There are 2 protein chains.
Amino acid sequence: MKALVFRKSLEFRTDYPVPEPGRDEALVRVKLAGICNTDLEITKGYMKFEGVPGHEFVGRVERSEGKDLEGKRVTGEINIGCGECPFCRNNLPTHCPNRSVLGIARRDGAFAEYVAIPVKNLHIIPDSVSDEEAVFIEPLAAAFEILEQVKIKNSDRVCVLGDGKLGLLVGQVLSLTDCDLVVAGRHVEKLSILEKMGIKTEIVPAKAGARPSRGAFDIAVDCTGSSYGIQTALEITKPRGTIILKTTVAQNVAFDLNSVVINEITIIGSRCGPFHRALEAIEKKSVELRPMISRSFNIEDGVEAFEYASQKGVLKVLLKID
Amino acid sequence: MKALVFRKSLEFRTDYPVPEPGRDEALVRVKLAGICNTDLEITKGYMKFEGVPGHEFVGRVERSEGKDLEGKRVTGEINIGCGECPFCRNNLPTHCPNRSVLGIARRDGAFAEYVAIPVKNLHIIPDSVSDEEAVFIEPLAAAFEILEQVKIKNSDRVCVLGDGKLGLLVGQVLSLTDCDLVVAGRHVEKLSILEKMGIKTEIVPAKAGARPSRGAFDIAVDCTGSSYGIQTALEITKPRGTIILKTTVAQNVAFDLNSVVINEITIIGSRCGPFHRALEAIEKKSVELRPMISRSFNIEDGVEAFEYASQKGVLKVLLKID
């Protein structure tokens with residue numbers, strides 16, 4: 001089958017074997033997939049992953065045991081737990097120590113004609129949701145994870161740091177609460193997507209030390225994707241405030257831990273989230289995803305698509321796999 | 001008056017002016033004071049403090065406006081807020097941006113014959129509590145702060161990292177819950193204080209990488225006072241677990257922030273705590289403080305006392321100021 005394969009470098013291949021679904025798994029024919037920053041990091045060696053990347057996708061079930069799923073349009077949750085550890089038994093496969101993760105760890109992903117995935121990970125996409133919207137369910141769920149972790153009050157001043165793909169999604173999700181929200185970033189054209197939706201934004205100049213108001217926010221969300229994000233978040237957060245950490249960076253990060261203690265700051269790491277809430281938000285048109293699509297490529301041009309996706313100013317890049 | 005004064009170096013002086021209490025303040029004649037790690041850090045330049053250090057003390061009120069306090073044996077909370085900012089109005093003077101802190105920031109402390117302190121910061125010491133116990137109220141309150149911040153369940157596996165003064169107090173306080181507790185440290189003789197109280201301990205060899213069981217704990221409390229503490233805490237904490245950060249170190253600290261995100265760890269900075277809970281625990285004999293006193297010095301020998309307190313293996317050092 002056609003697939004993008006990473007092994008030292010990214011390659012488009014036509015001879016990659018179709019995956020054989022395991023027990024309780026379905027074979028899904030992929031229609032459309034999204035390139036995420038994690039995919040770009042993988043091509044730099046992140047997670048030491050080798051194989052087919054891709055974890056944001058929509059497709060049709062080609063084959064499954066129960067038959068009733070066959071032909072259905074679906075997307076899927078990306079963590080596959082062992083089913084037996086305390087985390088899996090507690091319905092937290094995202095933290096199973098033996099998990100595989102679609103296109104990220106120990107399991108081929110969705111930048112291919114077919115992907116194999118456990119039936120229980122699948123979510124059926126209603127007709128009212130387009131393919132282009134459906135590929136955003138996974139990253140949108142990651143944005144909704146914040147609302148699972150923190151209670152945001154109407155009176156809270158909240159700052160989202162970063163206007164990349166995740167920053168824009170998080171900004172939209174947090175705007176569904178009635179908090180006093182601002183999204184701070186460096187790109188006028190990206191922030192304008194939120195401005196048009198009535199979400200307050202702030203341009204932060206690219207010089208070191210430039211930041212939104214010091215000590216002003218009850219909650220800061222680091223979506224910068226930069227190792228400087230945490231320090232900025234610390235500087236803009238009030239004593240007893242909360243920092244949600246979405247940024248993962250390859251190297252260890254040094255920052256002023258003293259201020260965490262002195263100001264009794266809470267830092268909460270935040271990763272994958274609830275698919276049903278993301279799907280519901282799309283169905284209700286509570287979020288706008290189309291303005292976030294920069295360009296679509298055919299999978300044959302996948303290597304070029306990755307190069308394009310890694311350029312500054314580019315938002316979501318899609319791969320068509322028909 | 002007699003006082004220990006830090007200005008580039010620590011000095012014992014007999015000609016230091018008696019402080020003049022401000023409005024709503026009392027003048028307290030100090031009887032006994034404890035040397036804390038923060039005091040040792042101050043003599044290395046921490047907080048750029050100059051003046052009389054000392055914030056753990058017991059004394060008698062010499063003079064106060066209301067008269068009813070005069071002659072009473074007291075200790076005092078160390079943060080003095082402006083009284084007008086949102087934090088002060090919210091009864092959180094510990095986080096007032098304009099606060100002074102006794103013997104730590106912008107206000108002389110208790111290593112002197114007299115200290116001036118707002119009346120509202122004072123706590124009267126009941127007769128059943130000895131002077132030696134009373135000087136522990138401030139650090140013991142800092143240990144109790146953890147219980148204000150986190151709900152610890154009986155089923156929680158909790159590890160306190162560090163067997164210094166604060167680690168031993170935190171171990172005792174957390175043992176008042178019914179969690180599955182272990183205190184990990186490097187000093188047999190210090191840990192034996194807890195062992196005698198029936199608290200489980202674990203010797204961690206001083207070699208790099210030695211640590212209690214990986215990923216085993218729901219809650220880890222970093223009382224190591226070392227920049228390596230946070231990384232060890234991260235390694236021993238379960239996904240979705242909580243790290244309480246008590247350690248302050250002068251330099252910025254580099255550690256693996258990715259694992260905070262991937263494992264959705266919560267890190268909570270923890271500082272000053274509730275005096276009334278500490279006092280109550282001492283009155284009820286729920287904690288044992290005397291075994292934690294290494295030695296007492298007269299204030300005249302205060303410089304020697306600081307040198308002694310900074311030696312490895314030494315726990316609480318007291319200064320007598322009669």
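Chain identifiers are assigned alphabetically (A, B, ...) following the order of the sequence lines, protein sequences preceding nucleic acid strands; residue numbering begins at 1 within each chain. Just so you know, these numbers come straight off a predicted model, no measurement behind them.
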(message) Report which part of B/Ile243 has an atom under 4.5 Å of a heavy atom belonging to chain A: side chain, backbone, both, or neither.
(response) neither
(request) For chain A, find which of B/Ala254, B/Ser227, B/Pro97 contributes the most heavy-atom pairs closer than 4.5 angstrom. (result) B/Ala254
(request) Find out whether A/Thr266 and B/Thr266 are in side-chain contact, i.e. whether some heavy atom of one side chain is under 4.5 Å from a heavy atom of the other. (result) yes
(message) I need the minimum non-hydrogen distance between A/Val260 and B/Leu245, along with the two atoms involved.
(response) CG1-CD2, 4.1 Å
(request) Select, from A/Val261, A/Leu92, A/Ile265, A/Thr247, the one with the greatest count of heavy-atom pairs under 4.5 Å involving chain B. (result) A/Val261
(request) To the nearest 0.5 Å, tell me how far A/Ile262 CD1 sits from B/Cys272 SG. (result) 10.0 Å
(request) Check whether any side-chain heavy atom of B/Ile268 lies under 4.5 Å from a side-chain heavy atom of A/Glu264, and answer yes or no. (result) no
(message) Quick check on the interface: out of A/Ile267, A/Leu257, A/Thr94, A/Asn263, who has the most heavy-atom pairs with chain B under 4.5 Å?
(response) A/Ile267
(message) Between A/Pro239, A/Gly269, A/Ser259, who has the most heavy-atom pairs with chain B when the cutoff is under 4.5 Å?
(response) A/Gly269
(request) Name the region of B/Ile244, side chain, backbone, both or neither, that has any atom closer than 4.5 Å to a heavy atom of chain A. (result) neither
(request) Output the option from B/Lys238, B/Arg240, B/Lys246 having the highest count of non-hydrogen pairs under 4.5 Å with chain A. (result) B/Arg240
(message) Applying a heavy-atom distance below 4.5 Å, give me the residues of residues 141-160 of chain B that approach chain A, sorted by number.
(response) B/Glu145, B/Gln149
